[in-house]
Structures are given as structure tokens and as C-alpha cells.
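Here is the structure we will look at, set down as C-alpha cells.
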Amino acid sequence: MGLEKKSALLEDLIKQCGGCAVVDGGFATQLEIHGAAINDPLWSAVSLIKNPELIKRVHMEYLEAGADIVVTSSYQATIPGFVSRGLSTEESESLLQKSVKLAVEARDKFWDKVSKITEHSYNRALVAASIGSYGAYLADGSEYSGNYGENVNLDKLKDFHRRRLQVLVEAGPDLLAFETIPNKLEAQACVELLEEENVEIPAWICFTSVDGEKAPSGESFEECLEPLNKSNNIYAVGINCAPPQFIESLISKFAKLTNKAIVVYPNSGEVWDGKAKQWLPSQCFGDDEFEMFATKWRDLGAKLIGGCCRTTPSTIKAISRDLKRR
Ligand SMILES: C[S+](C)CC[C@H](N)C(=O)O
Ligand SMILES: N[C@@H](CCS)C(=O)O
Ligand SMILES: [Zn+2]
């Protein structure tokens, strides 16, 4: 299936959902709720080594909550990351494939179950392969600073992303989700790679923001979106893992800067302490607030809405209830 057909699948899903599809919520958060220890350089991806069954369980929980799109466990899964744990390149690549396989299996199992029920409100979900930023791999919180240092140029970022992208694409997800991109250089590297590798899977690219106005690097979103707006590979652009109180004005800003679909999946509002590797309490949104804001975000133009870190299946249930109340 080529790029056009796969993009049409996503387009149809959005239509079927009444104009806005639901993305799942914090994957790592739900792993932790089930007791997974992820204070680790591989973060949530450590579960690919330690507990793949739990990954599937979390995907199922988000599907049951009403997610139309499930994001795989590969955010912080990288070949160099696995190799520095003593795994071989082959083993590392097979874990990346497994991240897609687990999500596809969960989706198929769930759909098999619900499609037998005469009246249900679910859609057949799509699987988005997560591709975390270079900062996520560094595991020092730099996905929220955009500060990669002087030695990181376009080629280095392309080299970092290339093989993982190839492996994930071969595993056959429906979509690609580039997450927590903190600067224009990395966004450009991702877009150029999609073209160089002739990838035929539609992608979204999401930036973080720590001030509610610009990318963490200080670059304006006008600058950051410029390479993305020109690319046929990019279906949607947006924001993930930023505080929810920024989302309203960022959707309005993006709507003026792009014709791409807009995707937003904020975190709960807590702030990540990269050194201590823990979330610090801050102004926080609960499920009720997500429920209230989801329709607002949709009315402002978002076509894909979900939650990121510190949100849970109950957050997704609230968003789904809100958006699917026709
Ligand atoms: C989205 S952040 C909370 C993921 C974890 C981070 N890259 C780290 O490893 O410290
Ligand atoms: N989808 C990621 C988080 C991105 S910030 C995960 O939970 O593993
Ligand atoms: Zn997050």
C-alpha cells in the first residue's frame, strides 16, 4: 500500500470519528502504574527487553478507553541504546520490530473482539510507530531544551535516525509518529530522511514547547514548520508532551502556519526533571479538564487529540467521550 492509500486510511478514520480522532495517552505512565521500573537510560523501551506482555496489556487498555490510534513502545528504543546494554545489532533491530508487532497484535485482538459486538462505538485503530527525538535517546532531558551542542549537525541527526526508521518502516505500522522534537534542525533531518528513504507511510511530527510560544530551541514555529509544509510525507504537525494550558493558543498559531492536519497530545502539566528522572508537580490538568478542553481543541482545528506523559486510559476515556458525543 503506497503513501496515498495509507494517508486515505487515516483520513477515513478521522471522518469516521466525526472530524477528530483520538490518540492514546501516556504509554510510560501506564507501564509505571502497573509497577514497571523505567528509571533507566532506555526509559519506557526497557519494557521491550523486560516485559513485552505488559506492553501489549497497556495497548489493550488504551484501545478499550477509546483510542483510535495507538503509539508503539519505541520512543526511547534505539539501536545504539540497546547495544550499549550488551545486545547485538540484530537483537536490537528485532526489538524495534517487536514494538510494532505488539501494537498490531493488540489492535487486531481488540478489533476481533469488538467487531463481533453488534453495537459498539469503536473504530478499527491504527498503529503509529513512535520515533523519539535524539534528545530522548540522550536521556538527559534535552528533548525539552533543544540544546544538542555544537557538534550535532543535520548529517549527525540523519545518521542517528536512519536505521531505526528503516527497521520500523519494514515492520509495517500504519503511521510514523516523530515525538518531542525540540528544534528545526531535527525536524528537517526527519523530513529529509523520509524522502531519501522513499518512505510510503504517512508521518506526523510533534514538537515540544516549554514557553507555549516557541520550540524549546527558541526557534519560532514558523521557522520549524517551513521544511515540513513542503513535504508530502508529512500528514500532520503539532505538539506533544507540553503542558495542556499551552495547547489552545498553539493550535491557533499552527492553524495560521500550516495546511497540514494538526495533532496535539499534551502531558498533564507536570514538569520533567531530566537529572532526577522524575516528574515534578506543577499546574496540572485532570481528566475532567481534558474532557472540557478536547472539544475546544477540535473546534480550533485539531484533527488528532490525545494525551502524553502522566495521562492515563481514564484521560483517554474522557477525551473520547467528549469528542464522540455527536
Ligand atoms: C518524555 S521524557 C519524560 C522521556 C525520558 C527522558 N528522555 C529521559 O530518559 O530522561
Ligand atoms: N510515547 C512516549 C512518550 C513521549 S514523550 C512513551 O510514553 O513512551
Ligand atoms: Zn510525553
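Atoms within each ligand, like the ligands themselves, are counted from 1 in listed order.
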**OP:** For ligand 2, find out whether one of its N or O atoms is nearer than 3.5 Å to an N or O atom of A28.
**Re:** yes
Original post:
Relative to ligand 2, is F27 under 4.0 angstrom through side chain, backbone, both or neither, heavy atoms considered?
Top reply: both
Subject >> N233 side-chain N/O to V199 backbone N/O, donor-acceptor pair under 3.5 Å >> reply: yes
Subject >> Which of the ligand 2 atoms, numbered from 1, are nearer than 4.0 Å to a heavy atom of C241 >> reply: 5 (S)
**OP:** For atom 8 (C) of ligand 1, find the nearest protein heavy atom and state the residue, atom name and distance (0.1 Å precision).
**Re:** K277 NZ, 3.1 Å
**OP:** Could you tell me whether E179 and ligand 2 have an N or O pair separated by under 3.5 Å?
**Re:** yes
Subject >> Ion pair E93/R164, N-O distance below 4.0 Å >> reply: no
**OP:** Compute whether any side-chain donor of one residue and acceptor of the other, for N147 and S142, lie under 3.5 angstrom apart.
**Re:** no
**OP:** Could you say whether the N/O atoms of S44 and ligand 2 ever approach to under 3.5 Å?
**Re:** yes
**OP:** State yes or no: are the ring centers of Y75 and F27 separated by less than 6.0 Å?
**Re:** no
Original post:
Does S130 come within less than 4.0 angstrom of ligand 2, counting non-hydrogen atoms of the residue?
Top reply: no
Subject >> Candidates Q188, E192, E197 - the one meeting side-chain hydrogen bond (donor to acceptor under 3.5 Å, both in side chains) with K158 >> reply: E192
**OP:** Give yes if a backbone or side-chain nitrogen or oxygen of D140 is under 3.5 Å from a nitrogen or oxygen of ligand 1, and no if not.
**Re:** no
Subject >> Salt bridge D112-K116, side-chain N to carboxylate O under 4.0 Å >> reply: yes
**OP:** Using a 4.0 Å heavy-atom threshold (strictly under), name the region of S73 that reaches ligand 2: side chain, backbone, both or neither.
**Re:** neither
Original post:
Do any heavy atoms of Y144 fall under 4.0 Å from ligand 1?
Top reply: yes
**OP:** Check each atom of ligand 2 against the heavy atoms of T180 and keep those under 4.0 Å away; list them by number with element.
**Re:** 5 (S)
**OP:** May I ask you to identify, for A45, whether its side chain, its backbone, both or neither come under 4.0 Å of ligand 2 on a heavy-atom basis?
**Re:** neither
Subject >> Carboxylate-amine/guanidinium proximity below 4.0 Å for D211 and K214 >> reply: yes
Original post:
Is it the case that E143 and Y137 place a side-chain donor and acceptor less than 3.5 Å from each other?
Top reply: no
Subject >> Ring centres under 6.0 angstrom apart (F110, H59) >> reply: no
**OP:** If the plane angle is over 60° it's perpendicular, under 30° parallel, otherwise tilted; pick one for F293 and F285.
**Re:** tilted
Original post:
Once rounded to 10°, what is the value of the angle centred on the Zn ion (ligand 3) between C308 SG and C241 SG?
Top reply: 110°
Original post:
Hey, is ligand 1 close enough to E143 that some N/O pair sits below 3.5 Å?
Top reply: yes
Subject >> atom 3 (C) of ligand 2 [closest protein heavy-atom partner, distance rounded to 0.1 Å] >> reply: W43 CZ3, 3.8 Å
